[in-house]
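The block underneath contains the structure these notes are about, expressed in structure tokens.
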Amino acid sequence: MIPKGATVSTAAPGTEAYGQSISSPITARALWLGGVLILSLLLYYFIGVDQGATSLFGADRHIHEFVHDSRHFLGFPCH
Amino acid sequence: MESRFIYRALGVGVLGGLLAFVFARIFAEPFIQDAIDYESGRDAAQEALDKAAGVTVGTADPEIFSRGIQRNLGIATGMVLFGLAMGGLFVVAYLMLSRRFPGLRPRVLAALVAAAGFVGVYLVPFVKYPANPPAIGHSETISDRSAVYLAMVGISVVALILAVVAGYRLAGRFGTWNASLLAALGFVVVISVAMALLPALGHFPVNEAQYGKHATETPQPLLGPDGKIVYPGFPADVLFKFRLYSIIAQMIMWSTLGLAFGALAERLTGKVRAPATARPAAVVTPSPAS
């Protein structure tokens, strides 16, 4: 139920709303951008940091050893 | 609509990573191998010294992937996925800015965002904590080194964003040129303070206790009990070449991102905005809401 007087967005998510104020709290655009941002940061973490300083898979070192050369070459601390 | 830009940026990121890998495979891998050979030789010399002194030390970690895998498939995977991740960060920044400043030409904006990514994510942190080849870096300080490196990356990116916002705000009062200079100056000041406050890698307490006062973790000559050098320090030329190629590889990746995505974004944006000004005589078919 929508309480009386509440502002409800009539714009379907994904419709282009350039120049308009966005009333819907989460738009398809925000989901896309947020998703890409989070996945990119995760990837950055796994390529650069995981199984070094911190490790999500305990003492396993497969990711670290596999991307070893690129980790050094991309500027991340290694070993 | 956004998804079309996102797919293209991710694809271009992969391409940039691939090109950077080809460069790395040809130019950097010989020096990475030199560094690993140095490390093996040094470990052998250290072991001989320890044996002579009657000290037993633990054996090295078992090899999980062979050097052949690491220098081909391994570094390729790393470079390509890093390119993919940077493509993702790049396109988020690009889409936010292109909505805010629709008047900017796509290829100009793409080049600017890529340049900012190169400087903010890689180059500025490199000034304080440059890339190190294998053999450089003590395993007991990996946590400390990761923490200060990621802190440097975070400070650099945030300071760069703030500098751009500040420059934009100040442009009304001081003019574009002077506002840009002021923003750049502010960025340099903030980064200088951060670099002065963050510790040099050699100054971690663990390192000072074990290796003495050095600014970096670059291996010094190995001395025998009589004070004579039994194994040299890390070769300076290998270190220089490794770091130079590291910078060039990042430049290859970021310029691919900026330039190739810029070209693709021009075509995409051209389709969205009916090119009435470009070709007034041509029949313009309005594209469906794409």
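The chains referred to below are lettered A, B, ... by the order of the sequence lines, with proteins before strands, and numbering in each begins at 1. Only this structure's heavy atoms are used, side chains among them; waters, hydrogens and symmetry mates stay out.
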**Request:** Please flag which part of B:Tyr122 lies under 4.5 Å from any non-hydrogen atom of chain A: side chain, backbone, both or neither.
**Result:** side chain
**Item:** Side-chain touch B:Ser3/A:Trp32, heavy atoms, less than 4.5 angstrom
**Value:** yes
**Request:** I would like to know whether B:Met96 and A:Leu33 meet side-chain contact (heavy atoms from CB on, under 4.5 Å); could you show each step before the answer?
**Result:** CA-CA 9 Å; B:Met96 290 173 76; A:Leu33 293 193; 4.0 Å; yes
**Fill in**
Taken in chain and number order and not counting sequence neighbours, the residues that satisfy side-chain hydrogen bond (donor to acceptor under 3.5 Å, both in side chains) with A:Thr54 are A:Tyr45
**Item:** Residue that, paired with A:Asp69, satisfies side chain to side chain contact (heavy atoms under 4.5 Å, CB included) out of B:Ile75, B:Ile69, B:Asn72
**Value:** B:Ile75
**Request:** Would you check, one step at a time, whether the test side-chain contact (heavy atoms from CB on, under 4.5 Å) holds for B:Phe65 with A:His68?
**Result:** CA-CA 10 Å; B:Phe65 293 106; A:His68 168 271; over 6 Å; no
**Item:** Minimum-distance pair of heavy atoms, taken over all atoms of B:Gly74 and A:Ser70
**Value:** O-OG, 4.2 Å
**Message:** Can you confirm whether more than 12 heavy atoms, excluding those of B:Met195, are under 6.0 Å from its CE atom?
**Reply:** yes
**Prompt:** Considering only heavy atoms, which portion of B:Ile142 lies under 4.5 Å from any heavy atom of chain A: side chain, backbone, both, or neither?
**Reply:** both
**Fill in**
Turns out that what part of B:Arg67 lies under 4.5 Å from chain A's heavy atoms comes down to side chain
**Asked** For A:Leu74, is it the side chain, the backbone, both, or neither that has a heavy atom closer than 4.5 Å to a heavy atom of chain B?
**Response** both
**Asked** Picking from B:Ile64, B:Ile36, B:Ile136, B:Val148, which has the most non-hydrogen pairs under 4.5 angstrom with chain A?
**Response** B:Ile64
**Prompt:** If you count heavy-atom pairs under 4.5 Å between each of B:Ala147, B:Gly137, B:Pro134 and chain A, which one has the most?
**Reply:** B:Pro134
**Message:** For B:Ala131 versus A:Gly75, what's the shortest heavy-atom pair and its separation?
**Reply:** CB-CA, 3.6 Å
**Heavy-atom contact with chain A under 4.5 Å, split by part of B:Pro133** = backbone
**Request:** Let me know if B:Met253 has heavy atoms under 4.5 Å from chain A in its side chain, its backbone, both or neither.
**Result:** neither
**Request:** Just say parallel, tilted or perpendicular for the rings of B:Phe82 and A:Tyr44, cut-offs at 30° and 60°.
**Result:** tilted
**Prompt:** Which bit of B:Phe126 comes within less than 4.5 Å of chain A, counting heavy atoms only: side chain, backbone, both or neither?
**Reply:** neither
**Asked** Are the side chain of A:Glu65 and the backbone of B:Glu63 linked by a donor-acceptor contact shorter than 3.5 Å?
**Response** no
**Item:** Part of B:Glu29 lying under 4.5 Å from any heavy atom of chain A
**Value:** side chain
**Prompt:** Is it the backbone or the side chain of B:Leu201 that comes under 4.5 Å from a heavy atom of chain A, or both, or neither?
**Reply:** neither
**Considering all heavy atoms, the nearest B:Ala28-A:Phe73 contact** = CB-CE1, 3.3 Å
**Message:** Only pairs of heavy atoms separated by less than 4.5 Å count here; which of B:Val91, B:Val121, B:Leu10, B:Leu81 has the most with chain A?
**Reply:** B:Leu81
**Request:** Pick one of side chain, backbone, both or neither for B:Gln250, based on which atoms fall under 4.5 Å of a heavy atom in chain A.
**Result:** side chain
**Message:** Side chains of A:Cys78 and B:Asn132, heavy atoms from C-beta outward: is any pair under 4.5 Å?
**Reply:** no
**Message:** Determine whether B:Leu89 and A:Leu41 satisfy the following criterion, side-chain contact (heavy atoms from CB on, under 4.5 Å), listing intermediate values before the conclusion.
**Reply:** CA-CA 8 Å; B:Leu89 296 182; A:Leu41 289 176; 4.0 Å; yes
